[in-house]
Chemist: 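This is the structure, below, for whatever I ask next.
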Amino acid sequence: MSSTNIINKRGQSPLIIQIMKTRVFKFSGVLSLIMLVVGAVSCGSSMPSPKDVAEKIESHDVLAESDYTTMIDYCGEYAKKAQKYFDIINSQADSLSAESVQATSDLAKLYGEYRYLDLFRDILDNTEERVLGKNNVRKVEELAKYEAFPLPEGAGVSFLDTNVIGDIEDMPADSGEVIAAGVGEAVNVP
């Protein structure tokens with residue numbers, strides 16, 4: 001009698017039992033791998049939430065690089081979404097045009113969805129680049145193209161004073177590019 005003809009008490013041959021065991025083993029292995037990946041992803045994120053960072057700021061705790069990352073990501077997300085409204089507003093010759101009014105209204109609605117935006121902007125506006133860390137400085141450089149993104153102190157052109165056209169850095173005056181020696185802001189004098 002061959003082994004394929006042997007039937008157990010349940011009416012199954014050893015070959016079928018072996019196939020079932022192999023499939024169950026493979027399925028449990030795949031399931032275990034999925035659970036491991038899900039666990040690693042959920043536990044591996046050490047980034048604080050915007051709410052956690054806001055609470056840290058309000059309690060005057062020292063901010064870590066990850067806190068700045070959260071603020072940059074939060075402000076960057078807003079700035080990316082807001083840019084389409086700025087583009088519409090800036091393209092209109094008349095600020096009272098229907099498109100401009102609608103874009104302004106939509107921008108105000110978007111702004112209302114970002115509870116910590118002013119707090120984070122204020123912190124980033126008054127933070128020197130060197131405090132942020134290299135990765136965050138790269139993020140700031142990528143996000144600087146968006147009008148609504150706050151630049152850290154000393155980065156880019158100040159949007160608060162329309163006469164400020166750039167920064168004066170402590171550089172040798174013979175480079176041909178520097179308009180003055182020292183540290184400060186280059187001002188457009190009409």
Side-chain angles (χ1 to χ4, degrees), residues 41-42 44-61 63-169 171 177-180 183-190:
V41 168
S42 64
S45 177
S46 63
M47 296 304 298
S49 71
K51 181 182 178 186
D52 292 340
V53 174
E55 289 172 356
K56 201 170 181 182
I57 292 168
E58 290 170 0
S59 65
H60 304 287
D61 290 347
L63 298 175
E65 189 172 326
S66 61
D67 298 322
Y68 289 109
T69 301
T70 296
M71 288 189 284
I72 290 167
D73 290 346
Y74 187 86
C75 292
E77 179 183 301
Y78 169 79
K80 287 176 184 178
K81 290 179 180 179
Q83 189 61 46
K84 66 181 175 184
Y85 303 119
F86 281 109
D87 291 343
I88 293 168
I89 293 165
N90 293 336
S91 71
Q92 301 299 309
D94 181 9
S95 64
L96 296 177
S97 70
E99 294 87 0
S100 184
V101 170
Q102 183 62 50
T104 302
S105 176
D106 292 343
L107 184 60
K109 183 179 175 185
L110 178 66
Y111 175 79
E113 295 172 11
Y114 284 80
R115 176 180 180 182
Y116 308 111
L117 190 61
D118 289 334
L119 176 65
F120 291 172
R121 279 179 165 171
D122 185 49
I123 295 296
L124 290 173
D125 280 338
N126 294 299
T127 301
E128 294 181 16
E129 281 187 345
R130 63 179 176 76
V131 175
L132 299 177
K134 289 181 182 179
N135 290 334
N136 285 333
V137 169
R138 273 188 241 125
K139 281 185 177 191
V140 166
E141 289 168 354
E142 291 170 15
L143 294 167
K145 64 185 172 189
Y146 299 103
E147 286 183 57
F149 189 77
L151 294 174
E153 185 177 312
V157 177
S158 173
F159 294 111
L160 301 176
D161 184 348
T162 55
N163 289 324
V164 174
I165 59 171
D167 294 321
I168 299 171
E169 297 181 25
M171 299 170 66
E177 299 289 324
V178 178
I179 58 174
V183 177
E185 295 177 330
V187 179
N188 186 18
V189 180

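Quantities reported herein were computed from a predicted structural model and do not represent experimental measurements. Heavy atoms only: backbone and side chains are in, while hydrogens, waters and symmetry mates are out.
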Chemist: Heavy-atom distance under 4.5 Å between the side chains of D67 and D52, does that happen here?
Modeler: no
Chemist: Y68: what forms a ring-ring contact (aromatic ring centres under 6.0 Å, His included) with it, not counting sequence neighbours?
Modeler: none
Chemist: Using the six-membered ring wherever Trp is involved, compare the ring planes of Y74 and Y116 and label them parallel, tilted or perpendicular (cut-offs 30° and 60°).
Modeler: tilted
Chemist: Are side-chain heavy atoms of T127 and M71 found at a separation under 4.5 Å?
Modeler: no
Chemist: Any sub-3.5 Å donor-acceptor pair from S105's side-chain atoms to V101's backbone N or O?
Modeler: no
Chemist: Taking ring-ring contact (aromatic ring centres under 6.0 Å, His included) as the definition, give me every residue that meets it alongside Y85, ordered by chain and number, with sequence neighbours left out.
Modeler: none
Chemist: Listed by chain and number, what are the side chain to side chain contact (heavy atoms under 4.5 Å, CB included) partners of E99, not counting sequence neighbours?
Modeler: I88, Q92, S97
Chemist: Run the salt bridge (charged side-chain N to carboxylate O under 4.0 Å, His left out) test on K81 and E77 for me, step by step, so that the C-alpha distance in whole Å, both residues' side-chain angles and the decisive distance to 0.1 Å come before the verdict.
Modeler: CA-CA 6 Å; K81 290 179 180 179; E77 179 183 301; 3.7 Å; yes
Chemist: Partners of D73 by salt bridge (Lys or Arg N to Asp or Glu O under 4.0 Å), sequence neighbours excluded?
Modeler: K139
Chemist: Return the minimal non-hydrogen interatomic distance between F86 and A148, and the atom names on each side.
Modeler: CE1-CB, 3.6 Å
Chemist: Answer yes or no: is there a side-chain heavy-atom contact under 4.5 Å between Y78 and Y146?
Modeler: no
Chemist: What closest approach, in Å, do S49 and T70 show between heavy atoms, and which atom pair accounts for it?
Modeler: C-CG2, 3.9 Å
Chemist: If you compare all heavy atoms of C75 against all heavy atoms of F120, which two are closest, and at what distance to 0.1 Å?
Modeler: SG-CB, 3.7 Å
Chemist: Keeping the roles fixed (side chain from E147, backbone from Q83), state whether a donor-acceptor pair exists under 3.5 Å.
Modeler: no
Chemist: Sequence neighbours left out, what passes salt bridge (Lys or Arg N to Asp or Glu O under 4.0 Å) with K145? Give chain and number order.
Modeler: none
Chemist: Can you find a pair of side-chain heavy atoms, one from I123 and one from L63, that are under 4.5 Å apart?
Modeler: yes
Chemist: Please round to the nearest 0.5 Å and tell me the distance separating atom OG1 of T69 and atom CE of M47.
Modeler: 4.5 Å
Chemist: N126 side chain to D122 main-chain N or O, any donor-acceptor pair under 3.5 Å?
Modeler: yes
Chemist: Could you measure the distance from the CG atom of L143 to the CD1 atom of I72? Nearest 0.5 Å is fine.
Modeler: 8.0 Å
Chemist: Under the rule for salt bridge (Lys or Arg N to Asp or Glu O under 4.0 Å), what residues qualify as partners of E55, not counting sequence neighbours?
Modeler: none
Chemist: Contact between T104 and S100 at the side-chain level, heavy atoms closer than 4.5 Å - yes or no?
Modeler: yes
